There are 2 protein chains.
Amino acid sequence: MSSVSLSAVHEAAKRRLLDAGQMYTSGRRELVELLFSLGRPVTAHEVLEARPKLTQSSVYRNLAVLEEMRVVQRVAGGDDRTRVELAEDIIGHHHHLVCVVCGMVEDLVISAKAERAIDTVFDQAVEGTGFIATGHRLDILGTCKRCA
Amino acid sequence: MSSVSLSAVHEAAKRRLLDAGQMYTSGRRELVELLFSLGRPVTAHEVLEARPKLTQSSVYRNLAVLEEMRVVQRVAGGDDRTRVELAEDIIGHHHHLVCVVCGMVEDLVISAKAERAIDTVFDQAVEGTGFIATGHRLDILGTCKRCA
DNA sequence: CTCAGTGCAAAGGATTTGCATGCCG
DNA sequence: CGGCATGCAAATCCTTTGCACTGAG
């Protein structure tokens, strides 16, 4: 699953940006690298703490660009802050363990079989609602080790 | 499913507040009534639009109290605003259709069988992670009728 | 050279808080 | 009466934006 390499991620990110006429600057590269190394959804605040050199507005702006280019995606956490992580089609489809105490979010990969079961359930559920489903969000809520 | 009556909801809400030494005031009652009548997660902003008489700070404060008393629960939408709806143990377990265009969230009830399938999948997934699961959040993302 | 990207500071929007007053128990 | 709840306004927090400057192609 997370057998994806950093260089592969950079390649994917770079291609998506260049194809859209955007630059793959050092600031953006650094964001991708950080997201890759942390391997979980992070808030803008966490990014700024981890990379003090980066500027607040640039982080927000670059995350927005990366999101538009489908390099990263937003994730709802246990609190109100917006979190982002590398897009699923880059690091692979997965779900989240959300700590309702501290808001932390961790990735969770489930078996292909389980995934298929869920897909089936959802497909049936949406039928006839007039809603056009494009994806899903499955989070398991609870308490993480640290907060237990 | 939504066979729950308004009075039953008021009763449940009132009991939870009184048991905790809180008052079930008209402002709180009105919030519960509005949430019940709308039947979907709403933002504080929507509440204020629907009930202009209510004060902004009181709405936020009362929603916080109701959340603490487990009368309402927060729901992540397609945008950044916090939404709340009546707690699942009052109106019943369900999931959400989230519009990624306008952020709107609608309730979705799936079959017991489907629900069981999902529970099984999740139980297995969390095993051995050290995470203490207390619930889950399943949202189907897509485009609603209005935004299609 | 030219335009997108960056930094800094100020603006914006949602939510929270302080404080004086009102109302329920 | 006494304390929680309410209103209003000011304060905060997160995020976005304006503008001048820098850097890459």
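This structure is a prediction, so every number in the text was calculated from the model and none was measured. Chain letters run A, B, ... following the sequence lines, proteins first, then strands; residues in each count from 1.
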Could you tell me whether the phosphate oxygens of [N], OP1 or OP2, come under 4.0 Å of any side-chain nitrogen or oxygen in [X]?
X        : N       : result
Thr25(A) : dT6(C)  : yes
Asn62(B) : dT6(D)  : yes
Tyr60(B) : dT16(C) : no

Original post:
Just one of His10(A), Arg29(A), Lys14(A) clears the side-chain hydrogen bond (donor to acceptor under 3.5 Å, both in side chains) bar with Tyr24(A), so which one?
Top reply: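 Exactly one candidate clears the test, His10(A).
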Whole angstrom is fine here: how far is it from [atom1] in [X] over to [atom2] in [N]?
X        : N       : atom1 : atom2 : result
Glu68(B) : dA5(D)  : CD    : C1'   : 15 Å
Arg81(A) : dC14(D) : CZ    : P     : 5 Å
Arg74(B) : dT15(C) : CZ    : P     : 8 Å
Leu18(A) : dA4(C)  : CG    : P     : 14 Å
Glu49(B) : dA14(C) : CD    : P     : 11 Å
Glu46(B) : dG13(C) : CD    : P     : 18 Å
Leu17(B) : dG25(C) : CG    : C1'   : 15 Å
Arg51(B) : dT6(D)  : CZ    : C1'   : 18 Å

Give a yes or no on whether a donor-acceptor pair under 3.5 Å exists between the nucleobase atoms of dC8(C), that is its base, and the side chain of Ser57(A).
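Checked by distance alone, the answer is yes.
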Looking at dG18(D), does its base get a donor-acceptor pair with the side chain of Arg61(A) below 3.5 Å?
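When only heavy-atom distances are counted, Arg61(A) does reach the base of dG18(D) through a donor-acceptor pair under 3.5 Å.
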Check: Starting at the 5' end of DNA chain C and moving along, which residue's nearest nucleotide shows up first, Gly27(A) or Arg83(B)?
Finding: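 On the 5' side of the pair lies Gly27(A).
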**Request:** Identify, between Val65(A) and Ala64(B), the residue whose nearest nucleotide on DNA chain C lies closer to the 5' end.
**Result:**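 Result of the comparison: Val65(A).
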Requested in this report: Evaluate the salt bridge (Lys or Arg N to Asp or Glu O under 4.0 Å) criterion for residues Glu67(A) and Arg74(A): first the C-alpha distance (whole Å), next the side-chain angles of each, then the deciding distance (0.1 Å), finally the verdict.
Outcome: CA-CA 8 Å; Glu67(A) 185 185 2; Arg74(A) 290 183 180 224; 3.1 Å; yes
- Task: Return the 5'-most residue of the pair Gln56(B), Lys53(B) with respect to DNA chain D, ranking by each residue's nearest nucleotide.
- Result: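 So the residue in question is Lys53(B).
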Check your understanding: Hey, does Thr82(A) reach any base, or is it just sugar-phosphate, or nothing, if we go heavy atoms under 4.0 Å?
Key ->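 Touches sugar-phosphate only.
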Of the listed nucleotides ([options]), which one gets closest to any side-chain atom of [X]?
X        : options                 : value
Gln22(B) : dT16(D), dT6(C), dA5(D) : dA5(D)
Ser58(B) : dG7(D), dA14(C), dG5(C) : dG7(D)
Thr55(B) : dG7(D), dG7(C), dT15(D) : dG7(D)

Check: Which heavy-atom pair separates Val121(B) from Ala114(A) by the least distance, and what is that distance?
Finding: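 Closest approach of Val121(B) to Ala114(A): CG1-CB, 3.5 Å.
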Exercise: identify the closest heavy-atom pair between Ile140(A) and Ala133(B):
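Scanning both residues, the minimum pair turns out to be CG2-CB, 3.6 Å.
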| Transitively linked via ILVMFWY side-chain contacts under 4.5 Å: Leu34(A) with Val84(A)? |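 Hydrophobic grouping puts Leu34(A) with Val84(A).
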